[in-house]
2 protein chains.
Amino acid sequence: MSTPPIRRKRATIHDVAIEAGVSRGTVSRVVNGERYVSAEAREAIESAIAKVGYVPNTAARNLVMQRTQAVGFVVHEPHSLFVDDPNIGNILLGANEALSEADHQLVCLVVDSERDTDRITRYLSGGFVDGVIMVSARQNDPITRVIERLGLPATFVGHPPDLRALPFVGIDNRKAAADVTAELVGRGRRRIGMIAAALDRDSGSDRLAGFRDALGDRFDESLVVDVPLYSYDDGFEGMSVLLGRDPSIDGVFAASDAVAAGALEALRVSGRRVPDDVSLVGFDDSAWALRCHPPLTTVHQPAAAVGQRAAEVLLAQLRGEDVSLEGSLVPTSVVRRGTV
Amino acid sequence: MSTPPIRRKRATIHDVAIEAGVSRGTVSRVVNGERYVSAEAREAIESAIAKVGYVPNTAARNLVMQRTQAVGFVVHEPHSLFVDDPNIGNILLGANEALSEADHQLVCLVVDSERDTDRITRYLSGGFVDGVIMVSARQNDPITRVIERLGLPATFVGHPPDLRALPFVGIDNRKAAADVTAELVGRGRRRIGMIAAALDRDSGSDRLAGFRDALGDRFDESLVVDVPLYSYDDGFEGMSVLLGRDPSIDGVFAASDAVAAGALEALRVSGRRVPDDVSLVGFDDSAWALRCHPPLTTVHQPAAAVGQRAAEVLLAQLRGEDVSLEGSLVPTSVVRRGTV
DNA sequence: TTGTATGCGTTATCAG
DNA sequence: CTGATAACGCATACAA
């Protein structure tokens, strides 16, 4: 069995016009549901459309309309995050919902290699989309620069440090970090440390700032260890260092759930019980949080709301409205589970 | 602070031609890297391009070329699955890799509501993509029908029962089910039941068939309970029924990890210990598998490979090659964890 | 090697 | 209400 590579030629407005015995202009009018077409013309055209199986060619329409009703959703994350972190999927779903409401098509573009970057750059500048939502852009990201150069309407989720004149939405990392750290304090912990990560991103440095806020005078620089990535391995490593620095540590804020999971393991091999001996909190409410034993107390991100907000900000730009560059922050909540 | 809604007019080939003092045809030729352009012309044109900031308009190019170098990746799953099941993300990544290799852009389209279906239908028929990869199409899916009517090149991941003349790729559900059931047998279990789900999909019925294969003579119809969805709730319900039918049951094959997770809970409330009293296996190796206590022994799907294969089959169609409709099955493996 | 002319499928303008 | 006709931005056969 095999597919014959036939691909019947698509009917055009022209074909419909001939079939219905009218002009292309009239056909175009009924296709776009305009007024001022006679009932008989409309009828003839509609049956002609059905007969020849006409479906409008959007490329042609885009060309003349100068818009596509489509917006790109560019996700630039390492494999593991894309697969493990429910946040990204929820952001996508939230954005899709708002866009769908406005009759725009969300097209998700995933960049996973160098050549992906080039291709997506071309795609974006090729007029396939009216605007773009960027998720987790890198600092000095080529795609960001193309967007800027093109003047393509865009909204960022989170904001890379070098983002100047483009709006973004995100969560208040600093406040959220302070809130979750407060759980440690509320539990009566005295020696509270932090495994800070990704300090080159503002999410990383903001979380550290929030930790500091929550502790105030009791903040102790020597109890902060700083690792490069939001990863399990770095969490394990960081916790080991912390334990070496002060064996009496009894509370830890890990900069992400993955980091917390690694820390939990380090704690376990060192013979500490969580939460009996030491309390631990994470950040993200990712799949790691429930995978841990006990499940993590962590910061829940309203990912869908973030996606929705991002879409709304983009749509506003598309409508030509002025949008604030301040960025809008959606509120987080801490979810209490078993580690504190 | 606010963005001025300026959006500078994009430069066209025409502008470049004027700037460089040549004709549009020549510009087009250097843009597309053709031979037969003088060094001086090329040079003048290239600097002109840089000067006016020209970037080709893909909509126009698509219109004349009749292709887009883009393929759609339509995912039609309920929220929860999209977020919980790593398989879908990995399929996406695998497909993207193969497509990227061939310089095609993967655009992911998620359908999440009735209006999404309509819009995507329009998108697909509008010439935005050269072909499409359909993930988990429904039986009698409107999108499937549009694809068929358009003669749009397509590959399905999994195959809905009503899929006729379109190629698909997937896993061998039947064999995989037999393999994982064999774990139960190998453990010496005597009263082995199954919580079958989604028997209206072929994945569902194939898994049941595989279970039957593995048990042979020892298959006992009364130990099979059949629930509608691959869900936690249905798993809980199904296990309860099974326990009612035969309290001495000591092995269970749940049709998916979500089902298994529900079953595990039902087992727990009934006072059974897993795996001491009863062995349990799942299917999918989704996030549920690791979230359970103990973690599930289950069937691992080579999701990335499935995505790659799907993309390859689609690319073959785009090249005009005949492709087999038999469907290609990629091999699975069982991953042994704590429940057997 | 380069320029010219034509077509791709629509929408939009403007007379009828 | 309807029919020509001109864009839209690009590729391409053909002529020069």
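What you are looking at is a predicted structure, and each value in this text was computed from that prediction instead of being measured. Computation of the quantities below employed the complete heavy-atom set of this structure, encompassing side-chain atoms and omitting hydrogens, waters and symmetry-equivalent molecules. Protein chains get the first letters and strands the later ones, always in sequence-line order, with residue 1 at the start of each.
Residue contacts for Val27(A): at a heavy-atom cut-off of 4.0 Å it reaches no nucleic acid atom on any strand shown. Residue-level contact check: Ala41(A) touches the backbone only, with heavy atoms under 4.0 Å from sugar-phosphate atoms and none from bases. Using a 4.0 Å heavy-atom criterion, one finds that Ser28(B) contacts the bases of the nucleic acid, with or without backbone contacts as well. Nucleic acid contact class of Asn32(A) (heavy atoms, under 4.0 Å, all strands): sugar-phosphate only. Within 4.0 Å (heavy atoms only), Val37(A) reaches sugar-phosphate atoms of the nucleic acid but no base atom. When heavy atoms are screened at a 4.0 angstrom cut-off, Val31(B) is found touching no nucleic acid atom at all.
Checked against dG9(D), dG3(D), dT6(C), the side chain of Asn57(B) finds its nearest nucleotide in dG9(D). For Glu34(B), whose side chain is taken as the heavy atoms from C-beta onward, the closest listed nucleotide among dT12(D), dG9(C), dG7(C) is dT12(D). Each of dT10(C), dT12(D), dC10(D) was ranked by its minimum atom distance to the side chain of Met65(B); first place goes to dT12(D). Ranking dC10(D), dG3(C), dC8(D) by closeness to the Thr26(B) side chain, first place goes to dG3(C).
Phosphate proximity of dG3(C) to Ser23(B): present, with a side-chain N or O under 4.0 Å from OP1 or OP2. Put simply, Tyr54(A) has a side-chain N or O that comes within less than 4.0 Å of OP1 or OP2 on dT10(C). One finds a side-chain N or O of Ser38(A) lying less than 4.0 angstrom from the OP1 or OP2 phosphate oxygen of dT2(D).
Taking atom CD1 of Ile45(B) as the reference point, atom P of dC10(D) lies 13 Å away to the nearest angstrom. If you measure from atom OH of Tyr36(A) to atom C1' of dC14(C), you get 15 Å, rounded to the nearest angstrom. Computed from coordinates, the Ile49(B) CD1 to dC10(D) C1' distance equals 13 Å when rounded to whole Å. In this entry the distance linking CD of Glu43(A) with C1' of dT2(D) reads 18 Å, nearest Å. Counting to the nearest Å, the P atom of dG9(D) and the NE2 atom of His14(B) are 10 Å from each other. If you measure from atom CD of Gln66(B) to atom P of dT12(D), you get 12 Å, rounded to the nearest angstrom. Rounded to whole Å, the distance from CD1 on Ile13(A) to P on dG3(D) is 13 Å. In this structure, Ile18(A) places its CD1 atom 13 Å from P of dG3(D), rounding to the nearest Å.
Checking Arg29(B) against Ala11(A), the closest nucleotide of DNA chain C that is more toward the 5' end is the one next to Arg29(B).
Residues Asn62(B) and Thr68(B) have side chains that never bring a donor and an acceptor to within less than 3.5 angstrom of each other. No hydrogens or angles considered: nothing links the side chains of His104(A) and Asp130(A) as a donor-acceptor pair under 3.5 Å.
Classified by interplanar angle (parallel below 30°, tilted 30° to 60°, perpendicular above 60°), the ring pair Phe128(A)/Phe128(B) is tilted.
A salt bridge links Asp116(B) to Arg119(B): one of the charged nitrogens lies within less than 4.0 Å of a carboxylate oxygen.
In summary, of the residues considered (Val16(A), Ile13(A), Ile45(A)), a side chain to side chain contact (heavy atoms under 4.5 Å, CB included) with Ser28(A) occurs for Ile13(A) alone.
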Run the numbers on Arg122(A) and Asp103(B) for salt bridge (charged side-chain N to carboxylate O under 4.0 Å, His left out), then give the verdict. CA-CA 11 Å; Arg122(A) 268 152 41 211; Asp103(B) 198 37; 3.2 Å; yes

